[in-house]
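Contents: one structure, followed by commentary.
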Amino acid sequence: KQLLYRHLSGTAVLGNSVIVGDFDGYIHWLAVTDGKLQARIRPSSSPQVSTPVVVDNVAYLYSDNGRLTALALAPLK
């Protein structure tokens, strides 16, 4: 319900999370196991139009205004 009407992008898996962008520029992390929201950031106010691409444990997302965002998981200490 938290992502209802958010006009989501395609999804990608990074670690134990599913990553998805939305129309308002947010990127959401959802747990692979149960779909619960884990985190959210807003690197741009423009829509995240592309399906995230994961290469070598880095997720790349491209927003409508041309901003490329790269996200990597940091190991827990």
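Not measured: the values here are computed from a predicted model. In what follows, every heavy atom counts, from backbone to side chain, and hydrogens, waters and symmetry copies are set aside.
Residue pairs meeting the side chain to side chain donor-acceptor pair (under 3.5 Å) criterion with at least one member in residues 30-39, sequence neighbours excluded, are Ser17-Gln38. Residue pairs meeting the salt bridge (Lys or Arg N to Asp or Glu O under 4.0 Å) criterion with at least one partner in residues 51-70, sequence neighbours excluded, do not occur; the list is empty.
When hydrophobic clusters are built by joining Ile, Leu, Val, Met, Phe, Trp and Tyr residues whose side-chain heavy atoms come closer than 4.5 Å, directly or via intermediates, Leu71 is not grouped with Leu68.
How far OH of Tyr62 is from OG of Ser9: 14.5 Å, rounded to the nearest 0.5 Å.
Taking all atoms of both residues into account, the shortest heavy-atom contact from Gly10 to Pro52 is O-CD, 3.1 Å.
A 4.5 Å side-chain heavy-atom check between Thr69 and Tyr60 finds every atom pair outside the cut-off. Inter-residue side-chain proximity for Leu61 and Ile19 is flagged as met; some heavy-atom pair is nearer than 4.5 Å.
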| What's the verdict on side-chain contact (heavy atoms from CB on, under 4.5 Å) for Leu8 and Leu3, showing C-alpha distance, side-chain angles and the deciding distance? | CA-CA 8 Å; Leu8 302 176; Leu3 299 177; 4.1 Å; yes
In a table with atom names and distances, give each donor-acceptor pair under 3.5 Å that connects a side chain of residues 21-30 to protein atoms at least two apart or in another chain.
unit_1	atom_1	unit_2	atom_2	d
Asp22	OD1	Asp24	N	2.9
Asp22	OD1	Gly25	N	3.2
Asp22	OD1	Tyr26	N	3.0
Asp22	OD2	Arg6	NE	2.9
Asp22	OD2	Arg6	NH2	2.6
Asp22	OD2	His28	NE2	2.8
Asp24	OD1	Arg42	NH2	3.2
His28	ND1	Arg40	NE	3.0

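The side chain to side chain donor-acceptor pair (under 3.5 Å) check on Ser63 picks up Asn65, with sequence neighbours excluded. Looking at residues two or more places apart in sequence or on another chain, you find a side chain to side chain contact (heavy atoms under 4.5 Å, CB included) between Thr11 and Val18, Val20.
Grouping Ile, Leu, Val, Met, Phe, Trp and Tyr residues whose side-chain heavy atoms lie under 4.5 Å apart, directly or via other members, places Tyr5 in a hydrophobic cluster with Leu4.
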